[in-house]
**Student:** 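Have a look at this one.
Sequence lines set the chain letters: A, B, ... in the order given, protein chains first and strands last, and positions in each chain run from 1. Not measured: the values here are computed from a predicted model. Computation of the quantities below employed the complete heavy-atom set of this structure, encompassing side-chain atoms and omitting hydrogens, waters and symmetry-equivalent molecules.
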Amino acid sequence: MSEDRLPLAFYRREALDVARDLLGRLLCRRLPDGTVLRGRLVEVEAYDGPTDRASHAYRGLTRRNAPMFEAGGVAYVYLIYGMHHCVNVVTGDAGHPAAILLRAAESPVAALSASGPGRLTRAFRIDRVLDGVPLTGDVLWVERGQTVADSSVKRTRRIGVGYAGSWARRRYRFLLRDHPSVSGPRNLR
DNA sequence: GGTGCGATTGCA
DNA sequence: GCAATCGCACCA
């Protein structure tokens with residue numbers, strides 16, 4: 001337990017605000033044996049609302065995306081390509097599907113520096129068992145860490161959502177400028 | 001009940 | 001450039 005843990009109110013805001021504010025925070029994962037893994041978030045992406053064509057919620061509520069429709073402050077974990085897990089932080093009000101995909105983390109512990117959503121979940125041992133868990137619990141949470149200045153935050157279009165038409169060009173990806181751990185292209189607009 | 005594919009990664 | 005690998009969304 002840490003008093004540095006971000007409260008529910010942090011998550012129950014606009015997705016883009018939460019995404020921006022997640023940079024520099026500490027993703028924390030307690031393993032079954034009690035070990036706590038911590039890594040600094042350096043790249044995230046927002047998926048916001050029922051009209052976001054890149055979002056899993058675009059076609060409405062389904063069994064998979066149900067956590068996205070919950071009130072902010074829970075995890076949304078899914079399996080992609082049959083082999084990689086991706087972890088999201090759900091944001092906003094109940095009924096408004098929105099979540100932030102965690103794409104990269106950095107840590108002094110080499111094994112916890114992970115570039116890419118699939119690598120991040122592998123490093124932090126996050127799988128679908130954690131789908132829907134509250135971020136106020138003792139399994140998965142985010143701590144205050146150190147906030148980052150606007151001047152070091154870069155915004156680009158999201159990765160791997162080219163099918164989303166004009167939504168693919170929205171600058172919903174937030175990353176630390178020039179940080180070595182971010183995944184994928186760094187020079188997008 | 002059958003089919004197509006993905007918010008990715010690693011290797012040729 | 002492309003295969004891996006499977007849950008599930010969607011259609012019938």
**Student:** What do you reckon, do A:Tyr47 and the base of B:dA7 stack, with centroid distance below 5.5 Å and planes below 30°?
**Tutor:** yes

**Student:** Measuring to OP1 and OP2 of B:dT9, would you say a side-chain N or O of A:Arg122 lies under 4.0 angstrom away?
**Tutor:** no

**Student:** Could you tell me which non-hydrogen atom of A:Ala164 sits nearest to which non-hydrogen atom of A:Arg53, and how far apart they are?
**Tutor:** O-CB, 3.7 Å

**Student:** C:dG7, C:dA4, B:dA7: which one has an atom nearest the side-chain heavy atoms of A:Arg128?
**Tutor:** C:dG7

**Student:** Would you tell me if any nitrogen or oxygen in the side chain of A:His84 comes within less than 4.0 Å of OP1 or OP2 on B:dT9?
**Tutor:** no

**Student:** Under 4.5 Å between any side-chain heavy atoms of A:Val42 and A:Leu175, yes or no?
**Tutor:** no

**Student:** B:dA7 phosphate, OP1 or OP2: any side-chain N/O from A:Tyr163 under 4.0 angstrom?
**Tutor:** yes

**Student:** Output yes when at least one side-chain N/O atom of A:Arg157 is less than 4.0 Å from OP1 or OP2 of B:dA7, else no.
**Tutor:** no

**Student:** Does A:Arg59 put a side-chain nitrogen or oxygen below 4.0 Å from OP1 or OP2 of C:dC10?
**Tutor:** yes

**Student:** Base, sugar-phosphate, or nothing: which does A:Arg53 touch, judged by heavy atoms less than 4.0 Å apart?
**Tutor:** nothing

**Student:** Using OP1 and OP2 only, check whether a side-chain N or O of A:Arg63 sits under 4.0 Å from C:dC8.
**Tutor:** yes

**Student:** Just name whichever nucleotide pairs with C:dT5, Watson-Crick or G-U, keeping both distances under 3.5 Å, else none.
**Tutor:** none

**Student:** Determine, for A:Tyr78 and A:Arg64, whether the Lys NZ or Arg CZ falls below 6.0 Å from the six-membered ring centre while staying within 45 degrees of the axis.
**Tutor:** yes

